[in-house]
Number of protein chains: 2
Amino acid sequence: MRDGLPRNQALVLDMLRSDQGRALTAYELLARLGPAGMRGPQTIYRALEGLLKCGLIHRIESLNAFTACAHAHEGHGYGHHTHRPAFAVCRNCGAVRELDDPALAAVLGVVADRSGFAVQDRVIELVGACGACAAAPG
Amino acid sequence: MRDGLPRNQALVLDMLRSDQGRALTAYELLARLGPAGMRGPQTIYRALEGLLKCGLIHRIESLNAFTACAHAHEGHGYGHHTHRPAFAVCRNCGAVRELDDPALAAVLGVVADRSGFAVQDRVIELVGACGACAAAPG
DNA sequence: GCGGATGACGTGATGTTATCACATAACTGA
DNA sequence: TCAGTTATGTGATAACATCACGTCATCCGC
Ligand SMILES: [Zn+2]
Ligand SMILES: [Zn+2]
Ligand SMILES: [Zn+2]
Ligand SMILES: [Zn+2]
């Protein structure tokens with residue numbers, strides 16, 4: 001159990017990290033990890049749930065996909081401090097970049113307070129074209 | 001064709017407006033509008049696509065659901081200026097509130113510029129409990 | 001060691017969300 | 001009228017996610 005993670009979580013995390021900077025859907029993971037013994041969606045979703053809970057991956061709502069946390073490194077394991085960063089997402093190539101901006105975090109805090117909602121989670125995604133795709137023809 | 005909208009778009013928009021401040025999924029709309037003659041998901045999704053395009057409704061990514069724009073009024077029709085506001089979303093009761101905050105818009109602009117992405121769309125959702133649900137027992 | 005509690009996993013079925021493909025009808029402007 | 005476009009009807013299918021139930025292993029108090 002690499003990193004002290006259960007086998008399936010380790011498999012999924014390794015796969016997501018091997019695609020660092022991109023996002024994969026649950027079924028893409030299933031297809032890639034079928035040979036490694038993961039045979040049903042449930043298996044994948046359970047692993048994803050565990051990894052989300054301990055902050056090692058993030059869900060990208062606008063893609064229904066998942067990406068390894070750019071700040072969770074080998075040694076962190078279970079104790080990694082979870083965060084909810086903003087993301088820039090490329091519709092063309094699936095590139096995903098975490099955007100950690102203190103000013104954004106601050107203003108989101110203010111907006112949340114004013115909203116009268118007890119905010120438990122944030123979804124902040126800037127969707128468009130990454131530099132490469134914006135420059136490319138077509 | 002109310003508001004100059006095609007029949008199905010008008011049906012969907014009326015239904016969403018009748019649930020102002022909440023979000024409905026495509027299949028909830030289908031169930032409610034079946035009696036009015038909308039019989040397949042495709043019919044609903046086509047209407048939603050048209051309404052999204054002219055800014056009369058918004059999609060809530062964290063709910064896979066849709067809500068009438070709080071600022072689109074009777075007279076606006078096709079020409080309504082589209083915007084991509086932030087939302088506060090209640091997980092418990094489905095309440096949705098548009099949050100229009102100039103400071104947030106400004107800082108998002110800065111973050112987008114810095115990201116190196118050509119941002120085409122934004123998903124900004126604060127997910128939690130609305131005031132009523134936060135106060136309620138259970 | 002036993003017995004229960006917990007956590008991880010396997011797996012088939014099912015539920016939910018979204019799109020494809022193709023045919024038909026309606027509207028628009030020569 | 002006739003072509004081009006927009007809107008619609010409809011069955012099938014794809015993509016995303018969860019339920020339900022059973023198994024096995026580990027841990028812990030007894
Ligand atoms: Zn991260
Ligand atoms: Zn790209
Ligand atoms: Zn609006
Ligand atoms: Zn509520």
Side-chain angles (χ1 to χ4, degrees), chain A residues 1-16 22-54 56-67 77-78 89 91 94 121 123 125 127, chain B residues 1-16 22-54 56-67 77-78 89 91 94 121 123 125 127:
Chain A
M1 288 207 263
R2 173 196 203 280
D3 287 339
L5 290 173
R7 182 179 66 100
N8 287 346
Q9 288 186 36
L11 285 170
V12 167
L13 182 57
D14 281 347
M15 186 56 71
L16 287 175
R22 314 191 87 69
L24 295 175
T25 69
Y27 281 75
E28 285 169 345
L29 287 163
L30 179 56
R32 296 192 188 193
L33 292 170
M38 302 187 75
R39 287 188 231 266
Q42 181 76 92
T43 311
I44 300 289
Y45 280 105
R46 277 198 286 237
L48 290 169
E49 181 185 8
L51 293 167
L52 285 169
K53 199 168 304 187
C54 61
L56 291 168
I57 65 172
H58 301 294
R59 176 180 170 85
I60 309 297
E61 289 290 345
S62 57
L63 298 176
N64 294 327
F66 304 84
T67 191
Y78 276 121
V89 177
R91 272 199 176 119
D121 199 4
V123 179
E125 297 172 13
V127 184
Chain B
M1 289 205 263
R2 173 197 203 281
D3 288 339
L5 290 174
R7 183 179 66 98
N8 287 345
Q9 289 187 35
L11 286 170
V12 167
L13 181 58
D14 281 348
M15 184 59 70
L16 287 175
R22 313 192 86 69
L24 296 175
T25 69
Y27 281 77
E28 286 169 345
L29 287 164
L30 180 56
R32 296 191 188 195
L33 293 171
M38 301 187 75
R39 289 192 226 281
Q42 181 75 91
T43 312
I44 299 289
Y45 280 104
R46 278 199 284 236
L48 289 169
E49 181 185 9
L51 293 166
L52 285 169
K53 199 167 305 186
C54 61
L56 291 167
I57 65 174
H58 301 293
R59 175 180 170 86
I60 309 296
E61 290 290 344
S62 57
L63 299 175
N64 294 327
F66 304 85
T67 190
Y78 275 122
V89 177
R91 271 198 175 119
D121 198 3
V123 179
E125 298 172 13
V127 184

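Reminder, nothing fancy here: chain letters follow the sequence lines and each chain counts from 1. Values in this document were obtained by computation on a predicted structure and should not be read as measured data. In what follows, every heavy atom counts, from backbone to side chain, and hydrogens, waters and symmetry copies are set aside.
Taking only distance into account, the side chain of B:Y27 meets the base of C:dA18 through a donor-acceptor pair shorter than 3.5 Å. You'll find a donor-acceptor pair under 3.5 Å spanning the side chain of A:R46 and the base of C:dG10, going by distance alone.
Residue B:R7 places none of its side-chain N or O atoms closer than 4.0 Å to OP1 or OP2 of C:dC27. A close approach under 4.0 Å does not occur between any side-chain nitrogen or oxygen of B:R39 and OP1 or OP2 of D:dG9. Taking only side-chain nitrogens and oxygens, B:N64 comes nearer than 4.0 Å to OP1 or OP2 of C:dA18. OP1 or OP2 of D:dA17 sits under 4.0 Å from a side-chain N or O of A:Y45.
Taking atom CG of residue A:L63 and atom P of nucleotide D:dA15, one finds them 15 Å apart after rounding to whole Å. B:L33 has its CG atom 15 Å from the C1' atom of D:dT8, to the nearest Å. Separating the CG atom of B:L48 from the C1' atom of C:dT17 is a distance of 12 Å, rounded to the nearest angstrom. Atom CG of B:N8 and atom P of C:dC27 are 13 Å apart (whole Å). Rounded to an integer number of Å, the gap from CG of A:L5 to C1' of C:dC9 is 15 Å. One can place CD of B:Q42 at 11 Å from P of C:dA21, the figure rounded to the nearest angstrom. Between the P atom of C:dA8 and the CD atom of A:E49 lies a distance of 10 Å, rounded to the nearest Å. Note: CG (A:L30) to C1' (C:dT11) measures 12 Å, nearest angstrom.
Remark: the backbone N or O of B:I60 is not paired with any side-chain donor or acceptor of B:E125 at under 3.5 angstrom. Proximity of a side-chain donor or acceptor of B:T67 to a complementary backbone N or O of B:R22 within less than 3.5 Å is detected. A:E28 places a side-chain N or O within donor-acceptor distance of the main-chain N or O of A:T25, the cut-off being under 3.5 Å.
Checking D:dA7, D:dT10, D:dA17 against the side-chain heavy atoms of B:P6 singles out D:dA7 as nearest.
At a threshold of 4.5 Å between non-hydrogen side-chain atoms, the residues B:L16 and B:L29 count as touching.
Considering A:N8, A:L48, A:L5 in turn, A:L5 is the only one that fulfils the side-chain contact (heavy atoms from CB on, under 4.5 Å) rule with A:L13.
Nearest-nucleotide mapping onto DNA chain D: of B:P41 and B:G37, the residue sitting toward the 5' end is B:G37.
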